[in-house]
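These notes concern the structure reproduced below.
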Amino acid sequence: MEKIDINAKKVIDKIKKQTYNSPDIIVKELKLNDTEIAIVFCESMANSITINDFILEFLQETKMNEVKISNIYQFLESNMPTHKVIKVNNYKDLYYTLLSGFTLIIINGSSDVISIETKAALDSGIADAKNEKVMKGPKDSFTENYQTNIGLIRKRIKSESLRLEEHVIGSKSNTKVGIVYMDGIASKKLVDQISKKIKNIDIDAVFDSNYVIETISGNKKKTFPIYLSTERPDFVSINLLDGRIAIIVENTPYVIIVPAVFNDFFLSSEDFYQKNLNVNFTRIVRLIALLITILLPAIYISVSTYNHEAIPTNLLINFATQRQGVPLPTVVEILMMMVVFEILKETDTRAPSAIGSSLSIVGTLVLGQAAVAAGIVSPITIIVVATTSISGLISYSIDVVNGIRWWRIIFIVLSSFAGLYGVLVAGLIFVINISSIKSFGIPYLTPFAPFFLKEQNNGVFLSNKRKFNVRSRLTAKKDIERQAK
Amino acid sequence: MKYIKFFILTLSILLLTGCWNYRELEDLLIVSALGIDSNEDGFDISVEVINDKMVGGGEQSSGSSSEETPIVVYSSKAKTIREAIDKIILESPKRLYLGHMNLLVISEDIAKKGINEFLDYFMRDTEIRKTFFTTVVKNAKASDVLKILQPIENITAVSIQSSLEIANVYYGEFSNQTLEEIVRCLFTTGRNPTIAATEVTGDVKKGSKNDNVSTTSPKTSIKVKGTTVFKGDKLVGYLNEKEAIYYAVVRDKIDTISLSFPCDKKDNYANIIIDGVKGKLKATVDKDEPKIAIDIAGNAAITEFNCKIDLKKPSNIKKIEEMANKEIVKQMKKTVKKVKELNSDIFGFEEQFYRNHYKYWKKKKDKWDELFKDIEVKVKSDIKIERISSSVETAKSR
């Protein structure tokens with residue numbers, strides 16, 4: 001690493017050269033006790049009020065009072081009225097601190113540079129969770145600010161065993177990545193493994209937590225994610241106490257939790273805030289919705305093109321009536337409407353909110369009314385596609401929703417080749433595929449396959465015991481009981 | 001390479017199977033019922049197909065005129081049933097689909113010739129369900145019955161089928177409703193099948209027009225009329241509705257009976273509803289003579305009482321119980337007598353001996369027809385009246 005030059009002029013020239021005289025790098029030179037010092041900061045990252053009120057004022061006062069100073073560096077380091085002073089002695093750290101919003105004080109004749117924290121608040125502030133809404137429970141969500149995010153977790157778990165390991169990755173972006181876990185509950189082996197993997201990431205920039213998880217999970221070909229990605233600090237805290245590990249990445253409001261199994265994507269932190277009986281009802285609904293969203297279009301195609309004998313006569317007559325005069329084969333009809341729905345979903349997500357309402361009106365009219373009236377699609381197809389699509393949104397995780405979308409198409413294609421038999425084959429492929437996934441050593445279908453009797457307290461149903469008394473045995477390695485005897 | 005292997009494997013599980021039967025719904029004509037009439041050479045087949053343009057719910061597609069009927073009947077003749085069905089395709093605009101056939105209508109004359117003539121096709125065909133209902137039509141051709149339009153239930157086959165179902169619950173008209181049960185009966189030792197009987201009232205020709213359903217009292221209608229008695233696979237006679245109930249009691253196929261009986265000497269009647277009816281057959285051999293005991297049990301509630309008897313007295317209730325039991329025994333004996341006259345063991349008396357007295361049955365099996373005519377049948381009825389419903393007083397007691 002390149003050491004910092006003794007001559008302040010030389011240092012300033014170097015900084016200017018390296019940043020190509022970037023206009024937001026401000027250099028202010030002054031004299032203190034006949035020693036030349038320079039204040040350098042990045043205007044866009046630093047808070048100018050702090051700089052003016054504390055640093056410049058302090059220097060001015062010192063100058064006015066004509067204090068005799070033997071060693072300017074030591075004097076400034078110990079007397080500067082600020083909470084965070086970092087000693088910088090090489091150019092790499094100098095650029096990192098400067099571009100993180102620190103203010104540098106370069107002293108002629110000293111090879112060390114004083115770096116003072118003067119970061120500006122450049123994030124959106126703590127707001128309500130947008131994508132993971134709950135009826136009951138805390139409303140706050142993570143922000144783009146790394147320290148705030150850690151604070152939101154610490155606020156919930158005020159324990160000394162909450163550990164934070166920090167790494168900086170990205171050769172250009174220099175992004176902070178924190179590994180948070182509970183000491184004495186989480187598996188230390190897994191923490192070390194993840195920490196090592198994160199350290200070894202060689203990439204120029206990290207803009208989202210997904211960059212990190214995709215590189216360390218090695219799960220590129222599977223359709224389903226093996227990690228939870230959440231914007232809810234309370235959900236992270238619940239999982240930390242279960243012995244899971246959270247990965248916080250700077251500049252993204254999504255925190256990653258590993259390991260995660262399939263069942264986790266159909267739970268919500270709200271499950272822990274409501275009465276069990278009601279939670280379990282909701283869970284059954286979610287399970288039904290999962291089955292509907294994967295199977296319904298495939299089964300509809302099967303029974304209307306191959307296995308007519310599998311449905312009651314009246315229903316068949318109804319189907320036949322609806323199909324009267326529809327020119328396209330059932331499978332084409334279904335796929336067509338699916339694509340239309342996906343387009344509608346995508347545009348609705350991307351479109352500015354001002355256009356959003358007109359989009360949905362056009363969408364409803366085109367999907368619900370005109371297509372049927374024109375005889376292009378049958379009403380039953382609309383019902384099937386609508387039910388499927390609505391059910392497809394049960395999981396809060398967009399990764400799972402999109403993973404399911406692939407499977408739905410596989411089911412549709414196979415059922416259009418071989419009817420219910422095709423659905424069965426697709427089901428087999430699905431089960432084989434999903435059971436071959438492992439999330440950081442844990443089989444994806446646990447606690448059902450392999451079956452763990454003790455883990456059934458948070459399987460399909462959530463038991464009160466699981467809620468208040470014990471941790472998940474799959475992830476928590478020690479300290480299973482939650483209540484002191 | 002891995003993907004090619006996976007692709008080949010997936011493709012082979014899809015292609016190497018027999019189920020390759022892609023049919024879009026709009027290319028099919030759903031057959032709801034099939035009728036068989038006799039013909040000098042071969043069968044006379046008529047199929048009732050659903051005109052789904054006129055039946056299904058929701059918005060009806062444009063271009064359908066309200067003049068069209070909800071069902072259409074096609075007919076053809078051939079030596080085998082399959083051939084006859086295949087001939088219909090020449091006439092119909094779409095393929096026939098038999099998977100949802102709900103009803104098989106057999107005309108009386110072909111039933112007299114023997115149902116084994118045509119049963120094989122229905123047992124063997126892979127598309128046809130084995131659970132469709134069967135009925136013998138008494139006074140018309142099977143093809144005509146299918147043509148009669150019925151109000152309330154648009155599709156004639158569904159209309160007949162639901163009348164049969166309801167009749168079975170309240171009247172126990174027939175224990176063998178579905179093809180499966182008839183076939184099982186034919187293959188059982190010592191019991192003859194019965195099939196529900198239906199009857200047409202009014203003019204068949206007029207019944208096939210929409211006019212028949214645009215009136216409050218349809219001139220032509222189809223009525224469930226007791227049950228048929230088969231000997232082997234041939235029709236030999238009929239039981240009326242009342243007799244059919246007692247037949248069902250013996251077979252233990254009925255749960256609820258509504259019974260009217262005289263409660264005094266002055267031709268006044270009472271009615272009770274018997275719940276949880278249990279019929280029990282017991283075969284014994286006494287001095288080389290076969291004997292049958294029929295036990296009937298159940299709990300009853302008085303639903304109507306038109307005599308001047310004080311229902312508050314428990315002793316009177318006992319008397320009414322006796323009257324009811326007497327009536328049941330009387331009716332049962334009448335039914336047994338009728339069946340004996342038809343000489344067809346539909347009760348399965350022989351089956352009882354075959355099961356419980358095998359040696360005796362083996363010795364006598366060739367002479368069973370004569371034995372059946374003279375078999376001694378003891379009937380015991382033990383109905384208990386448990387409730388007198390909403391009123392203690394009777395209207396006539398004042």
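Numbers restart at 1 for each chain; the letters A, B, ... are given by sequence-line order, proteins then strands. Only heavy atoms go into these numbers, but all of them, side chains included; no hydrogens, no water, no symmetry mates.
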Value rounded to 0.5 Å, distance of [atom1] in [X] from [atom2] in [Y]:
X	Y	atom1	atom2	value
I432(A)	F6(B)	CD1	CZ	8.0 Å
N314(A)	I50(B)	CG	CD1	8.0 Å
L28(B)	L316(A)	CG	CG	8.0 Å
R323(A)	D27(B)	CZ	CG	8.5 Å
R23(B)	S304(A)	CZ	OG	11.0 Å
E24(B)	H308(A)	CD	NE2	8.0 Å

Determine whether more than 12 heavy atoms belonging to other residues, nucleotides or ligands lie under 6.0 Å from atom NZ of K223(B). no

If you count every heavy atom of other residues, nucleotides or ligands that lies below 6.0 Å from D202(A) atom CG, does the total exceed 12? no

Does anything in residues 81-97 of chain B reach chain A? List residues with heavy atoms under 4.5 Å apart, or say none. K94(B), Y97(B)

Pull out the residues in residues 118-130 of chain B that come under 4.5 Å of chain A, heavy atom to heavy atom, sorted by number. R129(B)

Among I301(A), I429(A), T330(A), which residue has the highest count of heavy-atom pairs closer than 4.5 Å to chain B? T330(A)

Taking every non-hydrogen pair under 4.5 Å, which of L420(A), L428(A), V326(A), I311(A) racks up the most with chain B? I311(A)

For residues A320(A) and I30(B), report the shortest heavy-atom separation together with the two atoms involved. CB-CD1, 4.2 Å

Is there a side-chain contact between Y22(B) and P329(A) in this structure, where contact means two heavy atoms from C-beta onward sitting under 4.5 Å apart? yes

Check each of N102(B), V158(B), I155(B) against T313(A) using the side-chain contact (heavy atoms from CB on, under 4.5 Å) test, and report the only one that passes. N102(B)

